[in-house]
S.K.: 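Attaching a single structure in structure tokens format; questions to follow.
Computed from heavy atoms alone, side chains included, the values below leave out hydrogens, waters and symmetry copies.
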Amino acid sequence: MNPDAFRPFHDSFAREDALRVLRAAVDGADDGELFLERRRSEALVFDDGRLRTANYDAAEGFGLRAVRGEVAGYAHSTELSESALKRAAQTVRLAVGDGGGTWADAPAATNTRLYTDADPIAGTAFPVKIDTLREIDAFARDLDSRVVQVTATLAASIQQIEILRPDGHAVRDTRPMTRVNVSVIVESGGRRETGTAGGGGRIGLDGLIDPADWQAKAREALRVALVNLEAVPAPAGVMEVALGPGWPGILLHEAVGHGLEGDFNRKGSSAFAGLMGQQVAARGVTVLDDGTIPDRRGSITVDDEGTPSARNVLIDDGILVGFMQDRQNARLMGVAPTGNGRRQSFAHIPMPRMTNTYMLGGDATPGDLVADVRDGIYAVGFGGGQVDITNGKFVFSCTEAYRVQNGRVGAPVKGATLIGDGATALRRIRALGNDMALDPGMGNCGKQGQWVPVGVGQPTVLIDGLTVGGSAV
């Protein structure tokens, strides 16, 4: 037996005792569960020629939930004991009231394994990690004399969960996560610019510390920095925008994906509320949320309620056909859960969240698609952004973009922002490339103070009439 295995019903309290407390807590409710978790994480940052930070965190605890109608009672504790569980049960009972609920069926079982259960932290020796970061720093500096600073980050974590339901149904999952990032700053003529590249997934560190992998990341970070070193001020105005494949799908995730989460639509606060079965995007546009892709950052064997993840079609050929659901919202909306009930940790209640959200490709070649731009920009990298879920309005900053006029890609531009709303942008899609790609594995999604890892993706996309904010006069 693995001495590091998470065994709460062996080490903390008996399973029979936990079941007894859980059943009493949810008696008369519609749904509920006991969520137990152990998480360990490590993050190393090598900055400016030295190890800047080396953090290691460990936490474990439980969350107990009882759901009655639209109300959910939730209590959590870092103390794994029967006494702590009993105290939590007294709190969650407040949501049940006089009872009278109709108990929900347990989630379906699954034998799917989407990723390794090996510990990525222990799988690579600490000195090897430090040596790798030092090598990344030296390699990036040797690539170009204009490199003045390098920051290399290596992160790994493992989350072990167990979900117990009052009927005795139980599910376990062990979720690894790794990532390597490289950021460089270049300087020339008194001007400094930054480029960043990175990625990972639910994999071990072996592949990421392979020089072939991190050297490619370092070269890409340098390429982006040098492009921006030559960038001119971005134009401003309403114009055509071509979005590159892969990571630019973060705009789809933020401006459209959140609006397709079940809770926002049940409450009528989404721009897509009440539009089921209607055309909400241009013909040919198909959007999915898929938590079943092996080894991807946003993938989950089961969600944090125990429902197996799924490949969910949200928009099919421009028609709205589905929302992402957790168990509570699915029941209230009279539909089936979709495996999107996620939570940041045992200290958080689950809610509908995205996994890997992406748009399927079309039949246009990327070169022909960009050549069809008469006056606009070609955006292939994005940084931060802001979105209003109620109307889908967004503002996103570009980290790599180019001016395009009469089909010819010109100079890179700096300071470009894209402004619009998701629903309108979907309808204004003019062409889809045949190069659909997922991002390299670096997304995190925030909602109501909770953060979870996600994936995004799309092909090259041509959109008519987005507002571009820039500084060129």
Side-chain angles (χ1 to χ4, degrees), residues 220 223-224 227 234-235 237-257 260 278-290 293 296 311-321 356-382 385 392 394 396 398-413 416 418-440 443 455-468:
E220 175 64 8
R223 185 195 66 78
V224 174
V227 164
V238 177
M239 58 187 69
E240 300 161 298
V241 175
L243 303 175
W247 177 244
I250 188 64
L251 193 152
L252 172 73
H253 167 102
E254 294 288 0
V256 176
L260 299 178
Q278 299 184 34
Q279 184 172 350
V280 297
R283 292 295 183 185
V285 173
T286 296
V287 177
L288 299 89
D289 184 84
D290 187 356
I293 308 172
R296 296 299 305 182
R311 182 179 186 271
N312 298 300
V313 180
L314 308 175
I315 298 174
D316 186 12
D317 195 22
I319 306 299
L320 179 61
V321 296
N356 303 298
T357 309
Y358 57 95
M359 183 186 299
L360 295 184
D363 54 12
T365 62
D368 290 344
L369 187 150
V370 176
D372 200 32
V373 177
R374 295 177 296 274
D375 182 32
I377 66 169
Y378 177 37
V380 297
F382 284 94
F394 61 81
F396 272 88
C398 301
T399 57
E400 182 183 358
Y402 302 84
R403 188 76 163 98
V404 183
Q405 292 177 299
N406 298 318
R408 300 189 64 178
V409 179
V413 295
L418 301 186
I419 305 167
D421 69 86
T424 300
L426 281 177
R427 291 192 294 270
R428 289 181 176 173
I429 291 177
R430 194 165 85 212
L432 298 172
N434 58 9
D435 57 342
M436 201 289 289
L438 297 172
D439 76 284
V456 301
Q458 66 173 39
T460 300
V461 178
L462 178 56
I463 305 176
D464 284 326
L466 282 185
T467 299
V468 177

S.K.: Which value, rounded to the nearest 0.5 Å, describes the distance between Met239 atom CE and Thr467 atom OG1?
M.R.: 9.0 Å
S.K.: Might you work through the side-chain contact (heavy atoms from CB on, under 4.5 Å) test for Tyr358 and Met436, ending with a clear yes or no?
M.R.: CA-CA 9 Å; Tyr358 57 95; Met436 201 289 289; 4.1 Å; yes
S.K.: Show the nearest heavy-atom pair for residues Val468 and Val241, with the distance to one decimal.
M.R.: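 Answer, listing the atom of Val468 first, then Val241: CG2-CG2, 4.0 Å.
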S.K.: I need the minimum non-hydrogen distance between Pro366 and Asn434, along with the two atoms involved.
M.R.: CD-OD1, 3.4 Å
S.K.: Applying side-chain contact (heavy atoms from CB on, under 4.5 Å), run through Leu418 and Leu243 and close with a yes or a no.
M.R.: CA-CA 11 Å; Leu418 301 186; Leu243 303 175; 3.8 Å; yes
S.K.: In Å, rounded to the nearest 0.5 Å, how long is the span from CZ of Arg408 to OH of Tyr402?
M.R.: 16.0 Å
S.K.: Picking from Asp435, Val461, Leu438, Val380, what satisfies side-chain contact (heavy atoms from CB on, under 4.5 Å) with Pro245?
M.R.: Asp435
S.K.: Measuring from Ile429:CD1 to Thr424:OG1, what's the distance to the nearest 0.5 Å?
M.R.: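 The CD1 atom of Ile429 sits 11.5 Å away from the OG1 atom of Thr424.
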S.K.: Ile315 and side-chain contact (heavy atoms from CB on, under 4.5 Å): which partner among Leu288, Leu426, Leu360, Thr286?
M.R.: Leu426
S.K.: Kindly give the heavy-atom pair with the smallest separation between Asp375 and Arg403, and that separation in Å.
M.R.: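 Of all heavy-atom pairs spanning Asp375 and Arg403, the closest is OD1-NH1, 2.7 Å.
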S.K.: Which heavy atom in Val456 sits nearest to a heavy atom in Ile250, and how many Å separate them?
M.R.: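 That would be CG2-N, 3.7 Å.
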S.K.: Verify, without hydrogens or angle tests, whether Gln279 (side chain) and Ala281 (backbone) share a donor-acceptor contact under 3.5 angstrom.
M.R.: yes
S.K.: Measure across Leu314 and Leu320 and return the closest heavy-atom pair with its distance rounded to 0.1 Å.
M.R.: O-CD1, 3.5 Å
S.K.: Got a second to check how far Asp464's CG is from Arg427's CZ, nearest 0.5 Å?
M.R.: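 Reported value, rounded in 0.5 Å steps: 13.5 Å.
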S.K.: Just jot down the side-chain hydrogen bond (donor to acceptor under 3.5 Å, both in side chains) partners of Glu240, sequence neighbours excluded, or say none.
M.R.: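 Applying side-chain hydrogen bond (donor to acceptor under 3.5 Å, both in side chains) to Glu240 gives Arg374, Arg430.
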S.K.: For Gly392, does its backbone N or O pair with a side-chain atom of Asp421 as donor and acceptor, under 3.5 Å?
M.R.: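 No; judged by distance alone, with no hydrogens or angles, the pair does not exist.
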S.K.: Considering all heavy atoms of both residues, which atom of Cys398 and which atom of Phe382 are nearest to each other, and what is their separation?
M.R.: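 Nearest heavy atoms, Cys398 then Phe382: SG-CE2, 4.0 Å.
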S.K.: Strictly distance-based, threshold 3.5 Å: is any side-chain N or O of Arg283 a donor or acceptor partner for the main-chain N or O of Asp317?
M.R.: yes
S.K.: Without swapping roles, check the side chain of Asp439 against the backbone of Gly249 for a donor-acceptor pair under 3.5 Å.
M.R.: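 Between the backbone of Gly249 and the side chain of Asp439 there is no qualifying donor-acceptor contact (under 3.5 Å).
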S.K.: Do Gln458 side-chain atoms and Gly361 backbone N/O form a donor-acceptor pair below 3.5 Å?
M.R.: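 No.
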S.K.: Look up atom CG in Leu466 and atom CZ in Phe396, then write down how far apart they are to the nearest 0.5 Å.
M.R.: 12.0 Å
S.K.: Atom CD1 in Ile293, atom CG in Asn356: separation rounded to 0.5 Å?
M.R.: 4.5 Å
